[in-house]
2 protein chains.
Amino acid sequence: MPGRVDDMLDQLRSAGRRVTAQRRAVLQALARLGCAQDVEAIHARARRIHPRVGLVTVYRTLEALVGEGVAQRVVLGDDRTRYELGQEHGHHHHLVCLSCGSVQRLDECHLESKRAGRRHGFTVTAHRLELLGYCAKCGVPA
Amino acid sequence: MPGRVDDMLDQLRSAGRRVTAQRRAVLQALARLGCAQDVEAIHARARRIHPRVGLVTVYRTLEALVGEGVAQRVVLGDDRTRYELGQEHGHHHHLVCLSCGSVQRLDECHLESKRAGRRHGFTVTAHRLELLGYCAKCGVPA
DNA sequence: CCTGAAAATGAAAATCGTTTTCAATATGCC
DNA sequence: GGCATATTGAAAACGATTTTCATTTTCAGG
Ligand SMILES: [Zn+2]
Ligand SMILES: [Zn+2]
Ligand SMILES: [Zn+2]
Ligand SMILES: [Zn+2]
């Protein structure tokens, strides 16, 4: 876990970005927190690691991490954007409780997921699926 | 199409809601527009039908329609909430272009969708899937 | 048809997550 | 160390959505 974070920081550095105490803190916060955390939660955790981290910096750092492919945005349908450490965590989806809002990681994919949800003690009543990519008109960018 | 709208208005009325020119206009706008329209687009269209429709009323009406099961929210990952006429339009998903942002309706489901996207001239590079329901702790509400 | 209680409307103000601005500070290659 | 440049934070700006509240409208009942 600590090596992982340092590797990511190296990755940032080689990408020409500077490594600061704040970024280290945000990255460690992400590494210690679970899936799909909102910015406020990440900020709170990062602050426990390095008190001198402003909310704005968390926003900016998260976007930088997404840009580097180290973290990814997670959209669940509520009003806040969530983030989690990137694809190295493996492609996965989430079970979102309509009642308590809890988010549970689901490693299976490709829609035997309804069954998979049930296996997790979760009753799937709806799902949201969006396919992202490039339309015929636009084509895939170089 | 016009009968459809009247049926929905009747449904609202029997649910104890009042039918107003504004609601009629919003409903007609939804019926005439395609999938996954944002509130601004719905407002603009509704205004062409009945100029005396405020944006706030559109917001309120849309939520009322969702509450009645006549319309549904569509979350694509950008900052705006989109709406479309309800399940009677049939369960479906969307192909969202990362380049131009266009949204295309996809009737297939259950993740042979990658192939399906390609059939539509669309190159799927990512997908977002969330399963919604009730976790073991909460259980399904009565 | 009137009437009145309750629901709906619109304009403006309030919220709230997120972004921008800008002056001060920190990083990392010489 | 020194400098060019990236990063930071506080405050202000933003943009979508919600709330407030006084006014208007719907519709059940008489
Ligand atoms: Zn996750
Ligand atoms: Zn998947
Ligand atoms: Zn649709
Ligand atoms: Zn589906």
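Keep in mind that what you see is a predicted model, and the values were worked out from it rather than measured.
- Every residue two or more places apart in sequence or in another chain that forms a side-chain contact (heavy atoms from CB on, under 4.5 Å) with B/Glu40 is listed here: B/Asp38, B/Arg80.
- Put simply, the side chain of A/Glu84 never gets that close to the backbone of A/Cys35: no donor and acceptor are under 3.5 Å apart.
- Between the CZ atom in B/Arg105 and the NE2 atom in B/His92 there is a gap of 4.5 Å [rounded to 0.5 Å].
- A distance-only check finds a donor-acceptor pair linking the side chain of B/Arg23 to the backbone of B/Arg18 [under 3.5 Å].
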Item to check | Stepwise side chain to side chain contact (heavy atoms under 4.5 Å, CB included) test for A/His94 and B/Glu130 | outcome: CA-CA 6 Å; A/His94 302 98; B/Glu130 311 299 344; 3.4 Å; yes

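- Overall, the helix from C/dC1-D/dG30 to C/dC30-D/dG1 carries an axis bend of 30° between its ends, with five pairs at each end and the value rounded to 10°.
- Summarising the geometry, atom CZ belonging to A/Arg24 is positioned 6.0 Å from atom CG belonging to A/Leu9; distances are rounded to the nearest 0.5 Å.
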Checklist entry - In B/S/- notation, 5' to 3', how is nucleotides 23-30 of chain D contacted by protein heavy atoms closer than 4.0 Å? => result ---BS---

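- Residues forming a salt bridge (Lys or Arg N to Asp or Glu O under 4.0 Å) with A/Asp79 (at least two apart in sequence, or on another chain): none.
- No side-chain donor-acceptor contact under 3.5 Å links A/Gln104 to the backbone of A/Ser102.
- Nucleotide D/dT8 holds its C1' atom 10 Å from the NE2 atom of A/His50, rounded to whole Å.
- A 4.0 Å heavy-atom criterion places the boundary nucleotides of DNA chain C facing chain B at C/dA6 to C/dA12, written 5' to 3'.
- Judged by distance alone, with hydrogens and angles left aside, the side-chain atoms of A/Gln11 form a donor-acceptor pair with the main-chain N or O of A/Glu68 at under 3.5 Å.
- Residues from residues 55-66 of chain A lying near DNA chain C, meaning a heavy-atom separation below 4.0 Å, are A/Val56, A/Tyr59, A/Arg60 in numerical order.
- B/Leu132 belongs to a hydrophobic cluster with A/Val74, A/Leu76, A/Val96, A/Leu98, A/Val103, B/Tyr134, B/Val140, counting contacts under 4.5 Å between side-chain heavy atoms of Ile, Leu, Val, Met, Phe, Trp and Tyr, direct or through other members.
- Applying the salt bridge (Lys or Arg N to Asp or Glu O under 4.0 Å) test to residues at least two apart or on different chains, the pairs with a partner in residues 44-67 of chain B are B/Glu63-B/Arg73.
- Rounded to whole angstrom, the span from the CZ atom of B/Arg73 across to the P atom of D/dT17 amounts to 11 Å.
- A/Ala25 pairs by the side-chain contact (heavy atoms from CB on, under 4.5 Å) definition with A/Ala46, A/Ile49, A/His50, A/Val53, not counting sequence neighbours.
- The stretch residues 37-46 of chain A has no heavy atom under 4.0 Å from DNA chain D, so no residue of it qualifies as close.
- For the side-chain contact (heavy atoms from CB on, under 4.5 Å) test, residues two or more places apart in sequence or in another chain that qualify with A/Val39 are A/Leu55, A/Val58, A/Tyr59, A/Leu62, A/Tyr83.
- Evaluation of the ring pair (Phe, Tyr, Trp, His ring centres under 6.0 Å) rule for B/His43 yields no partner, not counting sequence neighbours.
- A distance of 6.0 Å or more separates the ring centres of A/His127 and A/His93.
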